[in-house]
Amino acid sequence: QVQLVESGGGSVQAGGSLRLSCAASGRTVSSYNIGWFRQAPGKEREFVARIHRSGGMTYYADSVKGRFTISRDNAKNTGYLQMNSLKPEDTAVYYCAADVSWTIVPSAYDYWGQGTQVTVVS
């Protein structure tokens, strides 16, 4: 079992930055790939970024490529999502998830955090 807790959300002006953290407890997170997802009101949960358990591979949704950076520190059992050049359309609840599979499909992830709100105002 892995428990995930996100933090770092908040309200920011368009063009600003936020750094989300995903702290894991329970089993060591180094055994799992980490994904970040987001869900805006009235919309389905969508993939944002993922990082391999080794940290050696990353993959981004086209909508965030070049603006967001996913990383992890396995020694701290923590994953991160650095978000720069934020846009109002990035407003959503952001979730981190962990799974042994290498996928962008939300339903494939076994472990989820509770989410953190990100609001970008213009």
At their closest point, which heavy atom of [X] faces which heavy atom of [Y], and how far apart are they?
X	Y	answer
Thr58	Ile51	CG2-CG1, 3.8 Å
Arg53	Tyr32	CB-O, 3.2 Å
Ala14	Val120	CA-CG1, 3.6 Å
Ala24	Val2	CB-CG1, 4.2 Å
Val105	Thr103	N-OG1, 3.0 Å
Ser101	Ala108	OG-O, 4.0 Å

Reported [atom1]-to-[atom2] distance for the pair [X] and [Y], which is rounded to 0.5 angstrom:
X	Y	atom1	atom2	value
Leu18	Leu81	CG	CG	9.5 Å
Tyr94	Trp36	OH	CH2	10.0 Å
Leu4	Ser25	CG	OG	7.5 Å

Distance-only donor-acceptor pairs under 3.5 Å for side chains of residues 111-118, two or more places apart:
{"from": "Trp112", "atom 1": "NE1", "to": "Tyr109", "atom 2": "O", "distance (Å)": "3.1"}
{"from": "Gln114", "atom 1": "NE2", "to": "Glu6", "atom 2": "O", "distance (Å)": "3.3"}
{"from": "Thr116", "atom 1": "OG1", "to": "Gly9", "atom 2": "N", "distance (Å)": "3.2"}
{"from": "Gln117", "atom 1": "NE2", "to": "Ala92", "atom 2": "O", "distance (Å)": "3.4"}
{"from": "Gln117", "atom 1": "NE2", "to": "Thr119", "atom 2": "OG1", "distance (Å)": "3.3"}

Under a 3.5 Å cutoff, is there a donor and acceptor pairing between the side chains of Asn84 and Ser17?
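Yes, because at least one side-chain N or O of Asn84 sits under 3.5 Å from a partner of the opposite role on Ser17.
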Sidechain-backbone polar pair: [X] side chain, [Y] backbone, donor-acceptor under 3.5 Å:
X	Y	result
Tyr60	Ile70	yes
Arg72	Ser54	no
Asn77	Val29	yes
Asp99	Asp110	yes
Arg67	Ser85	yes

Apply salt bridge (charged side-chain N to carboxylate O under 4.0 Å, His left out) to Arg38 and list each qualifying residue two or more places apart in sequence or on a separate chain.
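Only Glu46, Asp90 meet the salt bridge (charged side-chain N to carboxylate O under 4.0 Å, His left out) criterion with Arg38.
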Run the numbers on Met57 and Arg50 for side-chain contact (heavy atoms from CB on, under 4.5 Å), then give the verdict.
CA-CA 8 Å; Met57 283 192 296; Arg50 62 179 175 173; over 6 Å; no
What do you reckon, is CD of Glu89 surrounded by more than 12 foreign heavy atoms closer than 6.0 Å?
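For Glu89, atom CD is crowded (more than 12 foreign heavy atoms under 6.0 Å).
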For the residue pair Phe68 and Leu86, establish whether any side-chain heavy-atom pair is separated by less than 4.5 Å.
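Of all side-chain heavy-atom pairs linking Leu86 with Phe68, at least one is under 4.5 Å.
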So Phe47 and Tyr59, ring-ring contact (aromatic ring centres under 6.0 Å, His included) or not? Walk me through it.
CA-CA 10 Å; Phe47 167 77; Tyr59 183 74; 5.8 Å; yes
Worked check of side-chain contact (heavy atoms from CB on, under 4.5 Å) between Ser31 and Val100:
CA-CA 7 Å; Ser31 300; Val100 295; 5.8 Å; no
Within one Ile-Leu-Val-Met-Phe-Trp-Tyr cluster: Val64 and Ile104, side-chain cutoff 4.5 Å
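Val64 does not cluster with Ile104.
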